[in-house]
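For ligands, and for the atoms within them, numbers begin at 1 and follow the listed sequence.
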Amino acid sequence: MQQIKNFINGEFVAPQNGRYLDNFNPATGLVYSQLADSEAIDVVMAFKAAHKAFESWSKTPVQERANILLKIADIIERRRQEFAEAESLDMGKPLWLASEVDMPRAILNFRFFANRILQFQEKSSDMDGQAINYSRHEPIGVTGLIAPWNLPLYLMTWKIAPSLAVGNTAVCKPSELSPMTASMLGEVFNEAGLPPGVCNIVQGRGETVGDSIVTHPGIPLISFTGGTDTGAIILQKAGKMFKKMGMELGGKNANIIFKDAELDKCIETTLRSSFLNSGQVCLCGSRIFVQQEIYNEFMDRFVQATKNIKVGDPRDKNNFMGPVVSKEQKEKVLAAIAQAKQEGGKILAGEESLELPEANQQGYFVRPTIIDDLTDCSDLWQKEIFGPVVTVRPFKYKHDAIKWANNTSFGLSASVWTRDLKTAHSVAQELKVGTVWVNAWSKRDLRVNFGGYKESGLGREGGDDSINFYTEQKNICISY
Ligand code: NDP
């Protein structure tokens, strides 16, 4: 059985303790590979390699660094199908989705930041002929990059690309539930000529590998994407050490649909914003508010379309949804649905039988589920489930929709559907979130940063915000 090792100093190495964890195929429930069950000692080795490499990588001319990042992008593009298949097998997302969304975005992450760093210009200002001020964005050192399992390569490379582009080196930790494509990146780095030690990947569990990165005194910056509870633990530990931190956390995003919405496009997009990647996207619009006048029409069509969603083998391009990522995740989602029923929630879709091929019977499949008739304070309206489950409710007035949408401790994103410009602007401005899409959901623009708010995190990722985050900004004042 394949053993996924660590990638340290340009080489694939076994964990020092020689131990491995089972890695499951979510579509079959069977172990299909193993990953290194690394510990602090492996993180220390990765850190030493990254620390040594920083000396020359941080001084490597920007053009040379950009060329290597562009080569990395070209190699992933050449191996795109292979990467997509690996990602799909590893975490259960449909192959079409990995191929059409995750891989192109991972490629773009390297191209975007390679080009951006070449164009990046420092600012300077003259102080009334007395002095000149100029700023420098300097690399910080060894960065700790921790990514989740839902968009494994997409999110890991969204951290690696800017961090390396500005001259940092990195110790990365993929989720133990999705180790494969990050491991394949090691091969790509070597082929592209990335010097050994510049980017290291340590596989294993969050509470061992992740924690060792977070608490390592030589790593001054932590970029974390994941759950809010984990984020809080990391903040407590790394905050005490005055580390620079980026926290992209959970979402419980509102999708507000006004009576004048263009319904065809809205329903088609709402299916994606509700159930893409089995609802395991931080930006999913899991709370849907529909204006009273069109509530029945919208629900009839949305419920029917949801019931028609094909769920099954992620390799079959006819299936819109594969499984959720793990047995634990499936149990968590089913428990949330059961609780909603106990609280009087009405299941409008989700209870249809799942007809799965023999090979997928033990996979972690959940039907897309719509729940109505729950009170605003119920857990399902308030807590992130991170599965294919949405709650719906009608609203009469705009101010009610805004009030209910803002009644959450999360603040990642929202969608608003209306043809009225005034409504679009006024609602977008009132929503307490980092990103608002009007008549759209999750446009893939690298300059956009989703950002956080409240329980959704701290800081911003994307575009020049990433350049700022991964650098230390220094001001130099020269007197004439
Ligand atoms: P987790 O918080 O469980 O894990 C995220 C990463 O942190 C994993 O690599 C995990 O490793 C690691 N980790 C776990 N415990 C620790 C620890 N104590 N110290 C350091 N690292 C640790 O999140 P999930 O992987 O379950 O991802 C889902 C969550 O991510 C959702 O809440 C989702 O909303 C959020 N997310 C946010 C995004 C955003 O941009 N705001 C984008 C995508 C997802 P391991 O898995 O091995 O335990």
Under 6.0 Å between ring centres: does that hold for Phe275 and Trp441?
no
Does any N or O atom in Trp149 lie less than 3.5 angstrom from one in ligand 1, N or O only?
yes
Kindly identify the option in Pro148, Gly462, Gly206 whose heavy atom sits closest to atom 27 (O) of ligand 1.
Pro148
For the pair Tyr154 and Trp158, name the ring-plane relationship: parallel under 30°, tilted 30 to 60°, perpendicular over 60°.
perpendicular
Within the structure, does Ala147 bring an N/O atom to less than 3.5 angstrom of an N/O atom in ligand 1?
yes
Is there at least one pair of N or O atoms, one from Lys173 and one from ligand 1, spaced under 3.5 Å apart?
yes
If you measure only the distance, is there a donor-acceptor pair under 3.5 Å linking the side chains of Gln34 and Asn23?
no
In terms of its nearest heavy atom to atom 40 (O) of ligand 1, the top option of Glu248, Met156, Gln329 is Glu248
Short N/O distance, under 3.5 Å, between Thr225 and ligand 1?
no
Could you pull out all donor-acceptor pairs under 3.5 Å where a side-chain atom in residues 139-146 meets a protein atom, sequence neighbours excluded?
from, atom 1, to, atom 2, distance (Å)
Thr143, OG1, Ser163, OG, 2.9
Thr143, OG1, Thr169, O, 2.9

Quick one: does Leu412 get an N or O within less than 3.5 Å of an N or O on ligand 1?
no
Looking only at distances, please establish whether an N/O atom of ligand 1 is found under 3.5 Å from an N/O atom of Leu151.
no
Charged N to carboxylate O below 4.0 Å: is that the case for Arg19 and Glu39?
yes
Contact check: Arg205 vs ligand 1, nitrogen or oxygen atoms, below 3.5 angstrom:
no
I want to confirm something. Looking only at heavy atoms, which of Gly210, Ser175, Ser178, Cys282 is nearest to atom 42 (C) of ligand 1?
Cys282
Looking only at the aromatic ring of each residue, does the gap between the centers of Phe7 and Phe12 stay below 6.0 angstrom?
yes
I want to know if ligand 1 touches Ser456 in the polar sense, i.e. an N/O pair below 3.5 angstrom.
no
Polar contacts were defined as any N/O atom of the residue lying under 3.5 Å from an N/O atom of the ligand; does this apply to Glu207 and ligand 1?
no
Side chain to side chain donor-acceptor pair (under 3.5 Å) contacts touching residues 226-240 (sequence neighbours left out):
Asp211-Lys237
Validation row: Gln382, Thr408 side chains within 4.5 angstrom (heavy atoms):
yes
